[in-house]
Undergrad: 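I'd like to ask you about the structure that follows.
In what follows, chains are A, B, ... by sequence order, proteins preceding strands, each numbered from 1. Reckoned from all heavy atoms, side chains included, excluding hydrogens, waters and symmetry mates.
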Amino acid sequence: MIELDKAYEASKYEADIYQNWLDSGYFNPDNLGDGEPFSIIMPPPNVTGTLHVGHALFVTIQDILTRFRRMQGRKTLWLPGTDHAAIATQSKVEKILTKEGVRKTDLGREEFVKRVETFAAESRDTIVGQIKALGASVDWSREAYTLDEPRSLAVRTAFKNMYDDGLIYRAHKVINWDPKGQTVISDDEIVHEEREATLYTFKYSADFPISISTTRPETKIGDTAVAVHPEDARYKQFIGQEFDVTFAGEQLHIKIIGEESVDPEFGTGALGVTPAHSQVDAEIGERHKLPFKQVINEFAKMTAGQEGVIDQKTTVAREAIVEWLRSENLLEREESVKQNVATAERSGGIIEPLPKLQWFLDVNKPFTLKKSQIEGIDSGTETTLKELMRQVVTSGQIKIFPDHFNKTYFHWIDNLRDWCISRQIWFGHRIPVWYKTTPVILSGAKRNEESDNGSFANAQDDSDAQDDSNMYVGIEAPEGEGWTQDEDTLDTWFSSGLWTFSTLGWPNETPDLKTFHPTTVMETGYDILFFWVARMVLMSGYHLGQIPFEHVYLHGLIRDSKNQKMSKSLGNIIDPLDMIEKYGTDALRFALVFNTAPGTDTALAEDKIKGMKHFGNKLWNITRYILTNISADEVAVILSVAKDLDSSASPQNDKLTKADQLILNQLSETIESVSKSLNVFRIHDAAQTLYEFVWKEFADVYIEATKEQIQNENQKANTQAILLHILLHILKLLHPFMPFVTEVLWQKLREGKLVEDKTLIIANWPK
RNA sequence: GGGCGAUUAGCUCAGCUGGUCAGAGCGCUUCGUUUACACCGAAGAUGUCAGAGGUUCGAAUCCUCUAUCGCCCACCA
């Protein structure tokens with residue numbers, strides 16, 4: 001019969017097996033039957049380098065779900081892709097250039113973007129190679145990239161549609177400026193770091209009646225009001241009064257206002273309001289129609305104040321102002337406090353709130369949803385993006401798993417503000433807006449009477465931005481001379497939000513879109529529930545009137561064996577390719593899903609992967625044992641007996657021994673349990689069940705029993721048939737988890753004419 | 001400040017809708033060179049399931065509180 005090596009050596013087979021799968025064409029749903037469609041769009045890895053174990057985890061989970069459904073006869077699509085990851089990729093390339101002593105401004109925009117594209121292309125190739133190494137059964141013929149031409153068309157179309165509906169607008173607002181990265185970023189790209197700070201309490205000037213407290217005295221140059229609680233007996237009498245003071249050489253006009261939001265218990269109970277340099281103060285400023293006085297520029301330097309303050313970094317100016325307060329005897333108190341400082345996730349720069357002209361997506365503005373398949377929102381009725389995002393989860397149309405993330409999702413939506421979608425970086429989707437004249441650089445632009453009256457030149461004011469004839473918003477560039485495209489690019493999550501349908505051909509009404517959208521499952525990390533999952537819901541709801549996916553499966557983060565985050569600096573990174581080389585892909589895959597719960601972080605030790613390699617080897621040797629106990633001339637008989645086993649759930653064969661009956665029962669229980677678990681995404685349960693069945697019930701008990709049974713001529717054929725019967729089922733059941741070793745063994749059985757199906761990929765899932 | 005989650009064998013964790021749920025992997029101890037596998041097999045040790053109340057015929061599993069840890073969100077200047 002067929003000879004097997006004593007041990008399974010994964011590296012000997014994996015590459016060939018994967019190539020055979022590709023050649024079979026079965027990763028492409030066009031080559032499958034007309035079963036019920038099943039689709040997963042792969043969360044596109046960033047083209048910033050190579051894959052880590054986190055990627056290996058999501059590839060494994062998605063591949064398990066995909067292979068399971070394909071074997072069940074569903075018309076299965078798993079569509080792969082990569083993400084241009086605007087800021088992340090740009091800064092990566094900038095770092096590389098810096099090492100070469102080159103700055104991006106030396107290259108110019110066009111040349112720089114070309115460099116980034118080259119880097120992205122190489123990175124993409126690496127990533128594709130790794131995804132293949134992991135055994136992903138994706139349809140490469142449909143591979144997408146967030147910045148390729150079809151996706152660009154989708155982005156421009158989406159922008160245009162939302163602009164026409166008044167959801168995308170351009171406005172001069174206080175935004176999160178990253179002085180290090182020189183771009184605006186959204187609320188979600190901010191991370192708060194707790195730091196020690198000094199809270200200073202002082203008066204602007206000796207004749208000012210109220211003391212205020214702040215950790216940032218330098219911003220007080222931009223104060224235009226002092227807010228107190230309207231019921232505060234200490235200050236009530238001042239509300240409505242206005243004062244002119246000289247503060248550190250700067251003339252300030254301060255109005256005393258009553259604000260419910262001011263806490264009388266904190267500090268002096270009075271808040272110096274700096275509308276231009278604080279998100280909160282900006283809101284107060286809006287409510288009270290206060291002037292916005294900008295005193296800090298894009299480089300975090302002061303644009304006002306006396307000598308020693310103006311043109312200085314904010315931190316230097318702070319010292320200077322405190323010094324001045326001391327010398328003027330205005331400083332009343334200094335105390336140490338803990339403070340949350342907003343920093344940019346990517347660059348680490350400290351966020352400087354600034355008023356700037358940017359593009360926003362309005363999440364609260366009502367619009368009419370023309371064609372709706374959203375439960376609870378009828379076609380032609382009004383809704384808002386926020387309501388839409390909430391509704392699809394409330395109604396249960398989208399099911400999030402594990403379900404406690406529902407609460408997190410709602411919590412985020414409740415706190416959601418308009419999304420700033422423009423970025424001052426070069427790499428990305430250029431905003432599809434053109435201006436008749438070159439837009440002015442807005443550095444240092446002040447929001448005051450002057451600027452509103454025209455010093456912005458071409459820059460539109462909030463109110464009339466929508467209908468300015470000098471501006472053109474379109475899918476393609478406008479005809480005629482003298483048009484200049486907006487310099488900014490879009491937040492990478494804008495294009496990512498379109499991912500479930502831009503990958504399927506939208507805005508064209510393609511067969512793919514019709515067949516596979518809404519997609520069946522979105523499988524991704526819980527850490528990007530807000531960034532991405534919510535944005536996809538928003539975009540799909542708005543543009544298609546559909547949910548983007550029926551199920552959301554959130555996986556946890558992979559940590560090291562000591563439960564620490566993996567990072568280069570800790571040197572505890574587990575490289576999936578190393579593991580594949582050492583233990584084989586199947587071992588890595590099984591280790592990643594074995595004994596882990598969805599949505600929970602998991603520790604991964606190399607020992608665990610090693611252990612799972614042993615499991616693959618066990619399977620190998622089980623097959624080896626069975627093959628050595630079947631001779632070629634027995635095959636026909638064995639197959640005919642095995643066929644009988646297949647045809648009835650509980651064979652009434654009176655020759656069956658107790659051991660035979662037991663294992664057959666255990667098999668049907670295992671089949672039922674595994675299918676059930678996979679149906680509800682309990683992958684770890686399914687993995688555990690299979691492990692137990694294969695090793696404990698089949699190998700340790702039944703196979704041991706067969707060593708005697710097979711000597712008995714009465715039982716021999718039966719025993720051989722049952723061994724084969726169980727083995728075939730195990731290979732099928734285990735295939736989604738360990739695709740390589742199961743396929744190798746399947747092919748061996750095929751050589752021995754023990755199975756007919758050409759490949760396990762489309763073998764029938766056991767029932 | 002608000003929210004979410006965790007606390008189960010030495011380590012890492014699984015235990016879905018309460019009743020073979022006290023488990024798995026790794027590690028550990030002893031024994032075993034039987035032609036599937038030493039990447040193995042057999043036998044074995046370790047846990048008042050964080051603590052305190054409560055619901056129940058019955059709770060690791062549901063409720064309340066407490067403690068510790070982790071994460072997310074947030075404008076206390």
Undergrad: Distance between the P atoms of B/rU61 and B/rA52, in whole angstroms?
TA: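 Approximately 12 Å lies between the P atom of B/rU61 and that of B/rA52.
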Undergrad: For A/G611 and for A/D188, locate the closest nucleotide of RNA chain B by heavy-atom distance; then report the residue assigned to the nucleotide nearer the 5' terminus.
TA: A/G611
Undergrad: Would you indicate which nucleotide in B/rA36, B/rA77, B/rC16 comes nearest to any side-chain atom of A/R682?
TA: B/rC16
Undergrad: Could you check how far CG of A/N621 sits from P of B/rA38, rounded to whole Å?
TA: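 Going from CG in A/N621 over to P in B/rA38 covers 7 Å.
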Undergrad: When you measure from the side chain of A/A597, which nucleotide among B/rA14, B/rG25, B/rG3 comes out closest?
TA: B/rA14
Undergrad: Should the ring pair A/F698 and A/Y702 be called parallel, tilted or perpendicular, given that the plane angle runs from 0 to 90° and is split at 30 and 60?
TA: parallel
Undergrad: What's A/Y691 touching, base or sugar-phosphate or nothing? Going by heavy atoms closer than 4.0 Å.
TA: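 Counting heavy atoms under 4.0 Å across all strands, the contact made by A/Y691 is with sugar-phosphate only.
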Undergrad: Does B/rC11 pair with anything, Watson-Crick or G-U wobble, both distances under 3.5 Å, and if so, with which nucleotide?
TA: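 Its partner is B/rG25 (Watson-Crick or G-U wobble, both distances under 3.5 Å).
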Undergrad: Across the strands shown, which category fits A/V262 at heavy-atom distances under 4.0 angstrom: base, sugar-phosphate, nothing?
TA: base
Undergrad: B/rG25 C1' sits how many Å from A/I609 CD1, rounded?
TA: 13 Å
Undergrad: Just call it for A/A591: base, sugar-phosphate, or nothing, with non-hydrogen atoms closer than 4.0 Å on any strand.
TA: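 It contacts nothing in the nucleic acid.
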Undergrad: Ignoring hydrogens and geometry, is there a side-chain-to-backbone donor-acceptor pair from A/D586 to A/F740 under 3.5 Å?
TA: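 Answer holds: yes.
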Undergrad: Round to a whole Å and report the spacing from CD of A/E265 to P of B/rG1.
TA: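 One finds 15 Å between P of B/rG1 and CD of A/E265, rounded.
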Undergrad: I need the single residue from A/Q709, A/H725, A/E634, A/Q715 that forms a side-chain hydrogen bond (donor to acceptor under 3.5 Å, both in side chains) with A/Q720. Which is it?
TA: A/E634
Undergrad: Figure out the CZ/P separation between A/R559 and B/rC69, and round it to whole Å.
TA: 16 Å
Undergrad: Within the pair A/W695 and B/rG41, is there a side-chain N or O less than 4.0 Å away from OP1 or OP2?
TA: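 True: A/W695 side-chain N/O within range (under 4.0 Å) of B/rG41 OP1/OP2.
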Undergrad: Whole-Å distance between B/rG3 P and A/K407 NZ?
TA: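 Distance, rounded to whole Å: 11 Å.
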Undergrad: Distance check, P atoms only: B/rC16 and B/rU34, in whole angstrom units.
TA: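 Going atom to atom, P in each nucleotide, I get 42 Å.
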Undergrad: Compare the minimum distances between each of B/rC37, B/rC39, B/rA74 and the side chain of A/H614, then state the nucleotide with the smallest one.
TA: B/rC39
Undergrad: Which is true for A/K696 with a 4.0 Å heavy-atom rule: it touches a base, it touches only sugar-phosphate, or it touches nothing?
TA: sugar-phosphate
Undergrad: Taking the C1' atom of each, how far is B/rA9 from B/rC49, in whole Å?
TA: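 These two C1' atoms come out 10 Å apart once rounded.
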Undergrad: Expressed as a whole number of Å, how far does the P atom of B/rG58 sit from that of B/rG53?
TA: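 Those two atoms are separated by 16 Å.
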Undergrad: Using a 4.0 Å heavy-atom cut-off across all strands, classify A/F594 as base, sugar-phosphate, or nothing.
TA: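 Answer is sugar-phosphate: A/F594 comes under 4.0 Å of backbone atoms only.
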Undergrad: Among B/rC75, B/rU12, B/rC39, find the nucleotide with the atom closest to the side chain of A/N617.
TA: B/rC39
Undergrad: Using a 4.5 Å cut-off on heavy atoms from C-beta on, say whether the side chain of A/D685 contacts that of A/K676.
TA: no
Undergrad: If you only use heavy atoms from C-beta on, which nucleotide in B/rC72, B/rC39, B/rA36 is closest to the side chain of A/K613?
TA: B/rC39
Undergrad: Side chain of A/H411 only, please: which of B/rA36, B/rA24, B/rC73 is the nearest?
TA: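 Of the options given, the side chain of A/H411 lies nearest B/rC73.
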Undergrad: Write down the partner of B/rC16 under the Watson-Crick or G-U wobble criteria, each distance required to be under 3.5 Å.
TA: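 Paired with no nucleotide.
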Undergrad: At under 4.0 Å between heavy atoms, what does A/K608 touch on the DNA or RNA strands: base, sugar-phosphate, or nothing?
TA: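 Here A/K608 touches no strand at all.
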Undergrad: For a quick check of understanding: with a heavy-atom distance under 4.0 Å over all strands, which category does A/N595 fall into, base, sugar-phosphate or nothing?
TA: base
Undergrad: Contact class for A/H404 vs. all strands (heavy atom < 4.0 Å): base, sugar-phosphate, or nothing?
TA: sugar-phosphate
Undergrad: Using atom P of each nucleotide, how far apart are B/rA50 and B/rG15 to the nearest Å?
TA: 15 Å
Undergrad: Do A/E704 and B/rA36 share a donor-acceptor pair, side chain to base, under 3.5 Å?
TA: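 Yes, the side chain and the base share a sub-3.5 Å donor-acceptor pair.
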Undergrad: Report the base-pairing partner of B/rC40 (Watson-Crick or G-U wobble, both distances below 3.5 angstrom), or none.
TA: B/rG32
Undergrad: After noting the C-alpha distance and the side-chain angles of A/S213 and A/T201, does the key distance pass the side chain to side chain donor-acceptor pair (under 3.5 Å) rule?
TA: CA-CA 4 Å; A/S213 297; A/T201 302; 2.9 Å; yes
Undergrad: To the nearest Å, give me how far apart CG (A/L557) and C1' (B/rU12) are.
TA: 16 Å
Undergrad: Count the heavy atoms of every other residue, nucleotide or ligand shown that sit under 6.0 Å from NZ of A/K203, and state whether that count exceeds 12.
TA: yes
Undergrad: What contact category does A/F615 fall into here, base, sugar-phosphate, or nothing, at under 4.0 angstrom with non-hydrogen atoms?
TA: nothing
Undergrad: Pick base, sugar-phosphate or nothing for A/Q279, based on heavy-atom distances below 4.0 Å to the nucleic acid.
TA: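 Contact class for A/Q279: none.
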Undergrad: So which one's nearest nucleotide on RNA chain B is more toward 5', A/T596 or A/K676?
TA: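 Nearest nucleotide further toward 5': that of A/T596.
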Undergrad: In whole Å, I'd like the distance from the CD1 atom of A/I703 to the P atom of B/rA36.
TA: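 Nearest whole value for this atom pair: 10 Å.
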Undergrad: Suppose you measure atom C1' in B/rG18 against the same atom in B/rC63; what distance do you get, rounded to whole Å?
TA: 13 Å
Undergrad: Give one of base, sugar-phosphate or nothing for A/D607, where a contact means two heavy atoms less than 4.0 Å apart.
TA: sugar-phosphate
Undergrad: Checking the side chain of A/N629 only, and the main-chain atoms of A/Y625 only, is there a donor and an acceptor separated by less than 3.5 Å?
TA: yes
Undergrad: Using purine N1 to pyrimidine N3 plus N6-O4 or O6-N4 for Watson-Crick, or N1-O2 and O6-N3 for G-U wobble, each under 3.5 Å, what pairs with B/rC4?
TA: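 B/rG70 - that is the nucleotide pairing with B/rC4, both distances being under 3.5 Å.
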Undergrad: What interatomic distance, in whole Å, is found between P of B/rC57 and the corresponding atom of B/rU68?
TA: 35 Å
Undergrad: Dump the intermediate steps for side chain to side chain contact (heavy atoms under 4.5 Å, CB included) on A/L667 and A/I663, then the final yes or no.
TA: CA-CA 6 Å; A/L667 174 66; A/I663 195 66; 5.7 Å; no
Undergrad: B/rG51 and B/rA14: how far apart are their C1' atoms, nearest whole angstrom?
TA: 23 Å
Undergrad: Could you check whether A/D700 gets within reach of a base, just the sugar-phosphate, or nothing at all, counting any heavy atom under 4.0 Å?
TA: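 Result for A/D700 = sugar-phosphate.
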Undergrad: Under a 3.5 Å limit for both distances, which nucleotide forms a Watson-Crick or G-U wobble pair with B/rC62, could you say?
TA: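 In the structure as shown, B/rC62 has B/rG54 as its Watson-Crick or wobble partner.
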Undergrad: Is any side-chain heavy atom of A/H277 closer than 4.5 Å to a side-chain heavy atom of A/W177?
TA: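 Of all side-chain heavy-atom pairs linking A/W177 with A/H277, none is under 4.5 Å.
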Undergrad: Round to a whole Å and report the spacing from NZ of A/K707 to P of B/rA36.
TA: 5 Å
